[in-house]
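Accompanying notes for the structure given below.
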Amino acid sequence: MSGRGALPDAYVTTRLALHAVAEHILGAASYAAIGRIGLRSNESGFATQQLLGRTFTVSGPFITDGERSLLLTGSTLRGVAEWAGITPGAPAAVYTPSTPLDLDTPLDIDADCAVMVGEWFAAMQPLLSALVEDVADASPLQLWPEHFDLATDFGDDARGRRANYGASPGDGARPEPYLYVGPWNVDAVRENAPMFFFTDAWGAAMPYAELVKAANPLAAADGFLRRAKRLLT
């Protein structure tokens, strides 16, 4: 992450295509196999939990099941689903997808940008894992396909201190990666934890542009998360 400047022009289209794969392929496969949608990040990208003996992993511009690989670039959601042996489409009973189920348009995925998305999740995973090591009420750290972010939540809900802590590779409001802390009860935080550093109406964010300017981006990211944790808990 250190030394990077502005993200390539192809980053956003790549992120959106990978988000569609997460929602309509990995999320669909996970729900069909184990009744859960939560994904996992790993050292190279993101993946399903083990699904009856196999795991689907997206690494850069490729998807693999441990034995076979398929280049996502230029493939379609229909083609990926057929390769995976699943029915494509986000499970409607669980969430409304953020990306369209466009089955036959080729996936616009730049290889370098796909690697960057994977690197973002891989870099943030250990920071978020360490953040909750001593937290008894933290939810499992998961990569949610509908939001396409890596997140957990913890804190005293009765006191208005519970919050989501996460890392997003970007979305409609913020096209570049960012860290965030989103209190469940914003009004309670404003009243009872006035020292909390709101940067947005819903909570606090640390954008990619700010992180890459830091002498040690990972230390800056860790500091952001731990400051929020300290102020809220």
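- Considering all non-hydrogen atoms of both residues, Val80 and Ser75 come closest at CG2-CB, 4.0 Å.
- Partners of Phe198 by ring-ring contact (aromatic ring centres under 6.0 Å, His included), not counting sequence neighbours, listed by chain and number: Phe196.
- The shortest non-hydrogen separation linking Gly38 to Ser30 is O-OG, 4.3 Å.
- Residues forming a side-chain hydrogen bond (donor to acceptor under 3.5 Å, both in side chains) with Arg230 (at least two apart in sequence, or on another chain): none.
- Within the 4.5 Å cutoff, side-chain heavy atoms of Tyr11 are placed close to those of Pro169.
- Every residue meeting the side chain to side chain contact (heavy atoms under 4.5 Å, CB included) condition with Gln50, not counting sequence neighbours, appears here in chain and number order: Thr55.
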Going by atom type alone, with no hydrogens or angles, which donor-acceptor pairs under 3.5 Å involve a side-chain atom of residues 97-107 and a protein atom two or more places apart or on another chain?
{"unit_1": "Ser98", "atom_1": "OG", "unit_2": "Glu146", "atom_2": "O", "d": "2.8"}
{"unit_1": "Thr99", "atom_1": "OG1", "unit_2": "Glu23", "atom_2": "OE1", "d": "2.6"}
{"unit_1": "Thr99", "atom_1": "OG1", "unit_2": "His24", "atom_2": "NE2", "d": "3.3"}
{"unit_1": "Asp102", "atom_1": "OD1", "unit_2": "Thr105", "atom_2": "OG1", "d": "3.0"}
{"unit_1": "Asp102", "atom_1": "OD2", "unit_2": "Thr105", "atom_2": "OG1", "d": "2.8"}
{"unit_1": "Asp104", "atom_1": "OD1", "unit_2": "Arg78", "atom_2": "NE", "d": "2.7"}
{"unit_1": "Asp104", "atom_1": "OD2", "unit_2": "Arg78", "atom_2": "NH2", "d": "2.9"}

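- Rounding to the nearest 0.5 Å gives a distance of 6.5 Å between CG of Leu141 and OG of Ser41.
- Residues Leu232 and Met195 share a single hydrophobic cluster, defined by chaining ILVMFWY side chains whose heavy atoms lie under 4.5 Å apart.
- When side chains are defined from C-beta on, Met124 counts as touching Leu218, because their heavy atoms get closer than 4.5 Å.
- Applying the side chain to side chain contact (heavy atoms under 4.5 Å, CB included) test to Asp200 and every residue at least two apart in sequence or in another chain returns Arg174, Trp202, Ala205.
- Side chain of Arg40 to main chain of Ala47: no donor-acceptor pair is present (N/O by atom type, distance under 3.5 Å, no hydrogens or angles).
- Residues passing the ring-ring contact (aromatic ring centres under 6.0 Å, His included) test with His19 are Phe148, sequence neighbours excluded.
- Here the OG atom belonging to Ser69 is positioned 6.5 Å from the CH2 atom belonging to Trp83, to the nearest 0.5 angstrom.
- For the pair Thr233/Asp156, no side-chain contact is recorded, criterion being any heavy-atom separation below 4.5 Å from C-beta on.
- Residues Ile34 and Val58 are members of one and the same hydrophobic cluster, defined by side-chain heavy-atom contacts under 4.5 angstrom among Ile, Leu, Val, Met, Phe, Trp and Tyr.
- If you take CG on Asp157 and CZ on Arg159, they are separated by 11.5 Å, rounding to the nearest 0.5 Å.
- Hydrophobic clustering (ILVMFWY, side-chain heavy atoms < 4.5 Å, transitive): Ile25 and Leu72 are in one cluster.
- Residues that satisfy the ring-ring contact (aromatic ring centres under 6.0 Å, His included) test with Phe154, not counting sequence neighbours, are Tyr165.
- For Arg36, the CZ atom is loosely surrounded, since the number of other residues' heavy atoms within 6.0 Å does not exceed 12.
- Every residue meeting the ring-ring contact (aromatic ring centres under 6.0 Å, His included) condition with Phe224, not counting sequence neighbours, appears here in chain and number order: Phe197.
- From Asn216, atom CG reaches atom CG of Leu211 across 10.5 Å, with rounding to the nearest 0.5 Å.
- Hydrophobic clustering (side-chain heavy atoms under 4.5 Å, transitive across Ile, Leu, Val, Met, Phe, Trp, Tyr) groups Leu231 together with Leu179.
- When all heavy atoms of Ala214 and Pro217 are compared, the closest pair comes out as O-CD, 3.6 Å.
- Asp110 meets the side chain to side chain contact (heavy atoms under 4.5 Å, CB included) test with Ala10, Thr14, Asp112, Cys113; sequence neighbours excluded.
- Atoms CG and CD1, on Leu18 and Ile109 in that order, are 4.5 Å from each other to the nearest 0.5 Å.
- Counting only heavy atoms from C-beta outward, the side chains of Met116 and Pro177 never approach each other to under 4.5 Å.
- Contact check for Phe46 versus Leu150: no side-chain heavy atoms found under the 4.5 Å cut-off.
- Clustering ILVMFWY residues whenever any of their side-chain heavy atoms sit less than 4.5 angstrom apart, transitively, puts Ile37 in a cluster other than the one holding Leu143.
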Distance-only donor-acceptor hits, side chain of residues 126-139, under 3.5 Å, sequence neighbours excluded:
{"unit_1": "Ser129", "atom_1": "OG", "unit_2": "Gln125", "atom_2": "O", "d": "3.0"}
{"unit_1": "Ser129", "atom_1": "OG", "unit_2": "Gln125", "atom_2": "NE2", "d": "3.2"}
{"unit_1": "Asp134", "atom_1": "OD1", "unit_2": "Lys229", "atom_2": "NZ", "d": "2.8"}
{"unit_1": "Asp137", "atom_1": "OD2", "unit_2": "Gly155", "atom_2": "N", "d": "3.3"}
{"unit_1": "Asp137", "atom_1": "OD2", "unit_2": "Arg162", "atom_2": "NH1", "d": "3.0"}
{"unit_1": "Ser139", "atom_1": "OG", "unit_2": "Thr152", "atom_2": "OG1", "d": "3.4"}
{"unit_1": "Ser139", "atom_1": "OG", "unit_2": "Asp153", "atom_2": "N", "d": "3.0"}
{"unit_1": "Ser139", "atom_1": "OG", "unit_2": "Asp153", "atom_2": "OD2", "d": "2.9"}

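- Closest of all the heavy-atom pairs between Pro175 and Ala173 is CD-O, 3.9 Å.
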Only distances under 3.5 Å count here; give the side-chain donor-acceptor pairs of residues 181-189 to other protein atoms, sequence neighbours excluded, each with its distance to 0.1 Å.
{"unit_1": "Trp184", "atom_1": "NE1", "unit_2": "Asn164", "atom_2": "OD1", "d": "2.9"}
{"unit_1": "Asn185", "atom_1": "OD1", "unit_2": "Asp187", "atom_2": "N", "d": "3.4"}
{"unit_1": "Asn185", "atom_1": "OD1", "unit_2": "Ala188", "atom_2": "N", "d": "2.9"}

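- Apart from Leu71 itself, the hydrophobic cluster it occupies contains Phe62, where clustering links Ile, Leu, Val, Met, Phe, Trp and Tyr at side-chain heavy-atom distances under 4.5 Å.
- If you take CD on Gln49 and CG on Leu26, they are separated by 11.0 Å, rounding to the nearest 0.5 Å.
- Between Tyr95 and Tyr31 there is no side-chain heavy-atom pair separated by less than 4.5 Å.
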